[in-house]
Novice: 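Dumping the structure here so I can ask a few things about it.
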Amino acid sequence: MTEEEIKKKYTQIFYDDFEGNELDITKWERCPEWERQEQMKNHGWWNDGCSYVKDGNLILECKQESDGRLISGAVRSISKDGSKIMFKEAKGLYEIKFKVDKGSGFWYAFWLFADNDESHVSGSAQNAAELDFFEILPGNSPWKYNGVNGNEPGRLMTTIHWDAYGAAHKMKGTDGIKVTDKDDNFYDNWHIYQFEWNDDNYKCYLDGNLLWVMSGKDYGNGICEAPGYIKISAEFGEWGGPVDSVIQAGGSRKMYVDYVKVYKKRISD
């Protein structure tokens, strides 16, 4: 969506441009240092030291410690212990300006968690869901996911999860795009991604171009009505393919975020 289109429909309710060199703790905290994706090979841990602000950007780093442990960064708009909510919202327009490194063994994500736990299993995403606005897999995934075979590097996709993460868990996502089909120099350039959460569908845009429209009926048996908190993350796991040689040699791969904006639709006169 263009700035003019946004101004006609929306009012900005959240903004962080990550100016300075410190994370604004009135808006974000680093995610708990949990073991992540433990069901997968080559999985890792979130680590506080892999999330930081530098030169006006939030940076999420993926790297390997000297003992072989794979660690990466993640932030969210509630406190580590969940007692303090800095930002939690439902429908609206969620926008991020980002740049990502190429690599393999990990993925990047911009997402929202809306109470998708066992107490909210209902057969629908209406009262609880995980909305993966985007996940970007720069590497060669060995998995088939959302109907797409792996071994094609550089996919961006959107996925809705509901009914928690146990036996009742359900999910449906888009087939996604190969990012270099949209931009030959995708990994060298900054991009703007928008997730528009409407009353009956979700619309996703990359650099002003509509990627897909996902009806609530088809993606969740009902549109999510529950507010959630934002997460921006990077993490390791087999889904991301084999860990690349740069990381194995002590280097790192990074996601850079210039800003995050959230808009609420104005009530019509």
Side-chain angles (χ1 to χ4, degrees), residues 1-3 5-7 9-32 46 48 50-62 72-80 82 84-101 107-114 129-136 156-160 179 186-187 189-198 202-209 211 224 226-235 254-266:
M1 298 181 71
T2 66
E3 288 189 18
E5 289 173 325
I6 293 170
K7 288 177 181 177
K9 295 173 62 177
Y10 289 100
T11 299
Q12 186 174 288
I13 59 172
F14 179 89
Y15 176 62
D16 193 357
D17 61 3
F18 302 103
E19 283 305 303
N21 290 291
E22 296 290 338
L23 189 67
D24 186 346
I25 59 172
T26 68
K27 298 175 180 176
W28 310 97
E29 278 202 22
R30 292 168 176 86
C31 289
W46 280 336
D48 284 355
C50 293
S51 307
Y52 53 91
V53 174
K54 183 178 180 181
D55 299 330
N57 297 310
L58 170 67
I59 299 174
L60 304 179
E61 199 166 10
C62 302
S72 58
V75 299
R76 65 185 193 178
S77 63
I78 65 167
S79 61
K80 278 193 174 186
K84 181 181 178 182
I85 298 171
M86 283 79 87
F87 183 80
K88 193 174 184 180
E89 192 52 74
K91 297 170 185 173
L93 180 69
Y94 294 73
E95 179 176 305
I96 187 171
K97 184 175 180 181
F98 71 95
K99 183 170 70 169
V100 293
D101 286 343
W107 61 94
Y108 310 106
F110 177 42
W111 48 307
L112 180 140
F113 184 82
E130 174 189 321
L131 308 181
D132 295 336
F133 300 157
F134 75 60
E135 292 171 294
I136 298 174
L156 180 153
M157 61 195 74
T158 303
T159 306
I160 311 300
V179 295
F186 183 86
Y187 297 102
N189 295 328
W190 287 92
H191 303 279
I192 295 174
Y193 185 91
Q194 297 161 322
F195 182 89
E196 189 177 20
W197 181 353
N198 298 308
Y202 311 103
K203 294 181 179 179
C204 302
Y205 302 81
L206 179 65
D207 297 329
N209 299 305
L211 296 179
C224 181
Y229 59 86
I230 301 170
K231 289 186 177 182
I232 312 170
S233 64
E235 53 191 306
K254 300 181 181 74
M255 177 180 186
Y256 304 83
V257 180
D258 183 46
Y259 68 71
V260 174
K261 301 177 183 178
V262 182
Y263 300 87
K264 195 73 175 173
K265 190 172 287 186
R266 287 196 295 270

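We count residues from 1, following the sequence as given.
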Novice: Whether the side chain of Lys264 engages the backbone of Lys91 through a donor-acceptor N/O pair (distance < 3.5 Å, no angle test) should be reported.
Specialist: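 Judged by distance alone, yes, a pair lies under 3.5 Å.
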
Novice: Please confirm whether the backbone N or O of Ala234 pairs with a side-chain atom of Ser72, one donor and one acceptor, at under 3.5 Å?
Specialist: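 Between the backbone of Ala234 and the side chain of Ser72 there is a qualifying donor-acceptor contact (under 3.5 Å).
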
Novice: Do Lys54 and Glu61 sit within salt-bridge range, that is, some charged N less than 4.0 Å from a carboxylate O?
Specialist: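 So Lys54 does not pair with Glu61 through a salt bridge.
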
Novice: Taking all atoms of both residues into account, what is the closest heavy-atom pair of Lys88 and Pro227, and its distance?
Specialist: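 Lys88 and Pro227 have their closest heavy atoms at CE-O, 3.4 Å.
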
Novice: Looking only at non-hydrogen atoms, find the nearest pair between Phe133 and Tyr193 and report the distance.
Specialist: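 It is O-OH, 2.6 Å.
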
Novice: Looking only at heavy atoms, which two atoms of Asp258 and Phe18 are closest? And how far apart?
Specialist: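 In terms of heavy atoms, the two residues are closest at O-CD1, 3.7 Å.
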
Novice: Test Val260 against every option in Phe87, Tyr15, Trp28 by the side-chain contact (heavy atoms from CB on, under 4.5 Å) rule and name the one that passes.
Specialist: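 Passing option: Trp28.
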
Novice: Could you label the plane-to-plane angle of the Phe98 and His191 rings as parallel, tilted or perpendicular, counting under 30° as parallel and over 60° as perpendicular?
Specialist: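 The arrangement is tilted - the two ring planes meet at 30° to 60°.
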
Novice: Using a distance-only test with no angle check, is there a side-chain donor-acceptor pair under 3.5 angstrom linking Ser233 and Trp46?
Specialist: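 Per modelled atom types, Ser233 and Trp46 side chains form no pair under 3.5 Å.
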
Novice: Please determine, by modelled atom types, if Glu95 and Tyr205 share a side-chain donor-acceptor pair under 3.5 angstrom.
Specialist: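 There is no such pair between these side chains.
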
Novice: How long is the span from the CZ atom in Phe110 to the CG atom in Leu112, to the nearest 0.5 Å?
Specialist: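 Output value for this atom pair is 8.5 Å.
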
Novice: How far apart are the closest heavy atoms of Tyr259 and Asp17, and which atoms are they?
Specialist: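 In terms of heavy atoms, the two residues are closest at CB-CA, 4.0 Å.
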
Novice: Measure the CH2-CD1 distance between Trp107 and Ile136 for me, rounded to the nearest 0.5 Å.
Specialist: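 If we round to the nearest 0.5 Å, Trp107:CH2 and Ile136:CD1 are 13.5 Å apart.
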
Novice: Using 0.5 Å steps for rounding, measure from the NZ atom of Lys203 to the CE atom of Met1.
Specialist: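 One finds 8.0 Å between NZ of Lys203 and CE of Met1.
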
Novice: For the CD1 atom of Ile232 and the CD1 atom of Ile96, what is their distance to the nearest 0.5 Å?
Specialist: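 That separation rounds to 4.5 Å.
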
Novice: Just say parallel, tilted or perpendicular for the rings of Tyr256 and Trp190, cut-offs at 30° and 60°.
Specialist: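 Because their plane-to-plane angle is over 60°, the rings of Tyr256 and Trp190 count as perpendicular.
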
Novice: Measure the SG-CG distance between Cys204 and Leu156 for me, rounded to the nearest 0.5 Å.
Specialist: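 Spacing of SG (Cys204) from CG (Leu156) equals 8.5 Å.
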
Novice: Under 3.5 Å, is there a donor on one side chain and an acceptor on the other for Tyr10 and Glu196?
Specialist: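 Judged by distance alone, the side chains do pair up.
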
Novice: Where the side chain of Ser51 meets the backbone of Ala74, is there a donor-acceptor pair that is under 3.5 Å apart?
Specialist: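 Side chain of Ser51 to backbone of Ala74: a pair is present.
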
Novice: Grab the two heavy atoms, one from Val262 and one from Ile230, that are nearest each other, plus how far apart they are.
Specialist: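 Minimum heavy-atom contact is CG2-CD1, 3.9 Å.
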
Novice: Any donor and acceptor pair, going by atom type alone, linking the side chain of Trp197 with main-chain N or O of Tyr94 inside 3.5 Å?
Specialist: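 Between the backbone of Tyr94 and the side chain of Trp197 there is no qualifying donor-acceptor contact (under 3.5 Å).
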
Novice: Considering non-hydrogen atoms only, spot the tightest contact between Thr159 and Glu135 and give its length.
Specialist: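 Closest approach of Thr159 to Glu135, heavy atoms only: OG1-OE1, 4.0 Å.
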
Novice: State the CG-CG distance between Asp24 and Leu58, to the nearest 0.5 angstrom.
Specialist: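 Rounded to the nearest 0.5 Å, the CG-CG separation comes out at 11.5 Å.
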
